[in-house]
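Report on the following structure.
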Amino acid sequence: MSEVRLRFAPSPTGYLHVGGARTALFNWLLARKEGGKFILRIEDTDVARSTQESVDAILEGMTWLGLDWDEGPFYQSDNFPLYREHVEKLLAAGKAYKCYCTPEELEKKRELALAEGRKPKYDGTCRSLTEDVPGAPYVVRFRSPEEGETAFDDLIKGRISFQNEELDDLIIQRTDGTPTYNFTVVIDDATMGITTVIRGDDHVNNTPRQILLYEALGYPVPKFAHVPMILGADKSRLSKRHGATSVMAYRDMGYLPEAMVNYLVRLGWSYGDEEIFSLDDLISKFSIESVGRSAGVFNPDKLLWLNAHYIKTGDPQRLAQLLVPFLEQRGIDHTVGPELVEVVKTLQDRSRTMLEMADGTIFYYAGDFDYDEQSLEKFLTPAARELCADLVARLEQADDLGHDAIAELFGALCSDQGVKMKAVAQPARYALTGGSASPGIYEVIGVLGRDETVRRLRRALEFKKG
RNA sequence: GGUCCCAUCGUCUAGCGGUUAGGACACCGGCCUUUCACGCCGGUAACAGGGGUUCAAGUCCCCUUGGGAUCACCA
């Protein structure tokens with residue numbers, strides 16, 4: 001029983017998007033579950049479109065999600081000699097041949113075939129050439145069988161079969177000598193000993209050609225699992241116009257990696273009625289067989305709900321750390337003022353994203369906000385002013401400012417003055433936060449502390465416009 | 001168009017021949033309450049259509065319809 005080996009093989013032509021992240025996650029989970037290896041390979045044979053920035057962005061995204069790899073990253077651009085070797089091998093065995101047709105000729109034939117309603121497949125012009133044409137540019141084509149069928153048992157979709165006659169002689173090496181995708185994946189997956197290929201749905205049509213290549217090369221064929229696409233709300237393939245698709249964009253919008261992981265895994269997979277899964281839960285509960293066969297619509301609302309859940313239940317200390325960059329973005333200096341962790345605790349229940357949480361901290365740190373005249377009049381009525389003044393007096397005398405003590409203090413104030421909690425809480429809230437929505441007034445006072453609370457109350461009572 | 005895949009509430013899904021078709025998000029009520037939230041309770045909402053097979057079909061088969069993927073010297 002040899003170990004399972006899985007891989008994630010993105011092409012570095014952009015950022016790590018949610019679809020890619022999900023297939024990476026599935027690969028990672030299966031590797032961890034089976035105690036195998038997870039390998040990262042960068043498919044950069046298209047030198048023109050590949051960039052180092054993209055590689056960095058992809059690695060950053062995976063690291064953020066917590067998906068670590070055991071081997072790699074390997075770069076296909078380092079393997080050109082290996083591909084070349086395999087092309088020669090196929091050529092020597094007569095399993096591949098040189099084709100001298102020019103792109104223009106092929107294009108013409110393709111158009112003609114389409115116009116006549118025939119399949120636009122390679123017509124085999126060079127298939128039976130017996131001699132090389134010296135000096136002429138050529139591509140190398142794989143000699144694909146003309147009859148029979150190629151089938152495989154997809155771990156997710158079940159048995160899928162193709163008639164070989166539908167497949168044409170694919171190009172494995174370009175005129176410039178570089179190998180093409182369908183060839184390099186096979187060589188790499190074979191030589192890296194990949195046992196299961198988990199990849200996007202959009203590759204099912206490539207699979208039979210690849211299987212034929214494995215067989216022609218004498219390599220064992222791996223298992224395949226094709227995960228369904230992620231769709232936008234209009235059921236078309238998820239793209240930018242549906243909103244953010246880059247995983248890192250979600251971090252920047254204040255999402256937690258565990259929320260993203262949880263969301264992504266539940267899109268197309270389930271475990272009874274459970275909704276909340278940590279990476280550790282998933283390692284034991286995930287199975288590729290229970291991934292659904294149909295495409296799923298990306299639902300930002302549910303992601304948001306999960307994010308809120310993880311913020312609510314998260315460790316305040318960690319959240320405080322994660323919050324710092326968002327505060328800096330807003331120019332909020334949290335080193336002056338209340339302890340950030342304490343601030344976070346008052347905001348966890350009412351923040352769905354770290355961005356929202358950052359907004360929630362503003363009144364704590366920017367204490368000298370303006371009170372606008374209308375609100376001042378509305379909240380600080382003469383009666384309310386009296387209550388606030390009383391509150392100040394009581395706060396100054398209090399020796400304990402714990403939550404319960406503050407509650408008692410308010411209780412005593414209300415019964416002494418014969419007013420409802422609301423009558424004093426709302427004016428106080430406005431005076432302390434500058435707004436009408438905030439964490440509980442006791443919490444706010446507790447976090448602000450006596451001095452700052454009193455200062456703000458007095459400031460509000462004395463506030464003059466300008 | 002050819003090939004391949006898919007089809008349960010608006011969305012993610014449970015269901016693996018016999019269920020009042022369950023859960024979650026969203027939505028709508030109510031409760032809690034010092035605001036906003038959170039939380040709790042309740043509600044609306046689905047087996048695409050048609051044929052079979054079977055005592056019995058959301059579950060199995062076929063067709064139709066609809067959706068998606070792919071048809072490059074891109075990956």
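Values below: all heavy atoms of this structure, side chains included; hydrogens, waters and symmetry mates excluded.
The partner of B/A48 is B/U64, judged by Watson-Crick or G-U wobble contacts that both fall below 3.5 Å. With a cut-off of 3.5 Å on both Watson-Crick or G-U wobble distances, the partner of B/U35 is given as none. Pairing of B/A24, defined by two Watson-Crick or G-U wobble distances under 3.5 Å, is identified with B/U11. Pair assignment for B/A56: none, as no Watson-Crick or G-U wobble contacts are both less than 3.5 Å. Base pairing annotation: B/A69 forms a Watson-Crick or G-U wobble pair with B/U3, both donor-acceptor distances under 3.5 Å. Judged by Watson-Crick or G-U wobble contacts below 3.5 Å, the nucleotide B/C40 has B/G30 as its partner. Across the strands present, B/C16 finds no partner; the criterion is a Watson-Crick or G-U wobble pair with both atom distances under 3.5 angstrom.
Residue A/Asp168 is out of contact with every strand shown, counting any heavy-atom pair closer than 4.0 Å. The residue A/Cys101 sits close to a base: some heavy atom pair falls under 4.0 Å. Nucleic acid contact for A/His226: none, since no nucleic acid atom lies under 4.0 Å from a heavy atom of the residue.
In this structure, the CG atom of A/Leu231 is 13 Å from the C1' atom of B/G66, given to the nearest Å. At whole-Å resolution of the value, CD in A/Gln173 and C1' in B/C73 are 11 Å apart. With rounding to whole Å, A/Phe183 atom CZ is found 18 Å from B/A72 atom C1'. The CZ-C1' distance, from A/Arg237 to B/U70, rounds to 10 Å in whole Å.
Between A/Lys89 and A/Glu85 there is no salt bridge, since no side-chain nitrogen of the basic residue lies less than 4.0 Å from a carboxylate oxygen of the acidic one. For A/Arg318 and A/Glu258, the salt-bridge test passes: some basic side-chain N is under 4.0 Å from an acidic carboxylate O. Ion pairing of A/Arg84 with A/Glu88 is present here, as a side-chain N (NZ or NE/NH1/NH2) and a carboxylate O approach within less than 4.0 Å.
Sorted by first and then second residue, the pairs that involve residues 6-27 of chain A and meet side chain to side chain donor-acceptor pair (under 3.5 Å), not counting sequence neighbours, are A/Arg7-A/Asp189. Contacts classified as ring-ring contact (aromatic ring centres under 6.0 Å, His included) and involving residues 410-429 of chain A (residues at least two apart or in different chains) are given here: A/Phe410-A/Tyr442. Each salt bridge (Lys or Arg N to Asp or Glu O under 4.0 Å) pair with one or both residues in residues 260-279 of chain A, not counting sequence neighbours, appears once here: A/Arg266-A/Glu275, A/Glu274-A/Lys285, A/Glu275-A/Lys302. Residue pairs meeting the ring-ring contact (aromatic ring centres under 6.0 Å, His included) criterion with at least one partner in residues 154-183 of chain A, sequence neighbours excluded, are A/Tyr181-A/His203.
B/G39 and B/C71 have their P atoms separated by 45 Å, given to the nearest Å. One C1' atom belongs to B/A21, the other to B/G58, and the distance between them is 8 Å to the nearest Å. Taking the C1' atoms as reference points, B/C16 lies 13 Å from B/A57, given to the whole Å. Comparing B/U20 with B/G15, their C1' atoms sit 15 Å apart, to the nearest whole Å. Straight-line distance between the P atoms of B/U35 and B/C31: roughly 13 Å, to the nearest whole Å. Between B/C9 and B/U44, the two C1' atoms lie 10 Å apart (nearest whole Å). The same atom, C1', is picked in B/A7 and in B/G43; the two are 28 Å apart, to the nearest Å. Distance check on atom C1': B/C60 versus B/U54 gives 10 Å, rounded to whole Å.
A/Thr346 and A/Tyr364 are linked by a side-chain donor-acceptor pair at a separation below 3.5 angstrom, with hydrogens and angles left out of the test. Between the side chains of A/Thr184 and A/Arg41, not a single donor N or O lies within less than 3.5 Å of an accepting N or O.
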Per-nucleotide protein contact along nucleotides 30-46 of chain B, 5' to 3', at a 4.0 Å heavy-atom cut-off (B base, S sugar-phosphate only, - neither), is ----BBBBSS-------
Using a 4.0 Å heavy-atom cut-off, write out nucleotides 2-21 of chain B from 5' to 3' as B (base contacted by protein), S (sugar-phosphate only) or - (no contact).
SBSSSS---BBSS-------
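Two residues, A/Leu303 and A/Met229, neighbour RNA chain B, and the one matched to the more 5' nucleotide by heavy-atom proximity is A/Leu303.
Taken residue by residue, residues 41-54 of chain A places heavy atoms nearer than 4.0 Å to RNA chain B at A/Glu43, A/Thr45, A/Asp46, A/Arg49.
None of A/Lys109, A/Arg110, A/Arg209 except one satisfies the salt bridge (charged side-chain N to carboxylate O under 4.0 Å, His left out) rule with A/Asp168; the exception is A/Arg209.
With sequence neighbours excluded, no residue forms a side-chain contact (heavy atoms from CB on, under 4.5 Å) with A/Glu147. In this structure A/Asp400 satisfies the side-chain contact (heavy atoms from CB on, under 4.5 Å) test together with A/Ala405, sequence neighbours excluded. Partners of A/Asp153 according to the side-chain contact (heavy atoms from CB on, under 4.5 Å) rule, which considers only residues two or more places apart in sequence or in another chain, are A/Arg159.
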Run the side-chain donor-acceptor check on residues 427-436 of chain A: report pairs under 3.5 Å with partners two or more places apart or on a different chain.
unit_1, atom_1, unit_2, atom_2, d
A/Arg429, NE, A/Ser438, OG, 2.8
A/Arg429, NH1, A/Gln426, OE1, 2.5
A/Tyr430, OH, A/Asp372, N, 3.2
A/Thr433, OG1, A/Arg429, O, 2.7
A/Thr433, OG1, A/Gly435, N, 3.1
A/Thr433, OG1, A/Gly435, O, 3.2

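Between A/Phe286 and A/Phe26, the ring centre distance stays below 6.0 Å.
A side-chain donor-acceptor contact under 3.5 Å links A/Arg141 to the backbone of A/Asp169.
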Contact list (N/O, under 3.5 angstrom) for nucleotides 58-64 of chain B vs protein:
none

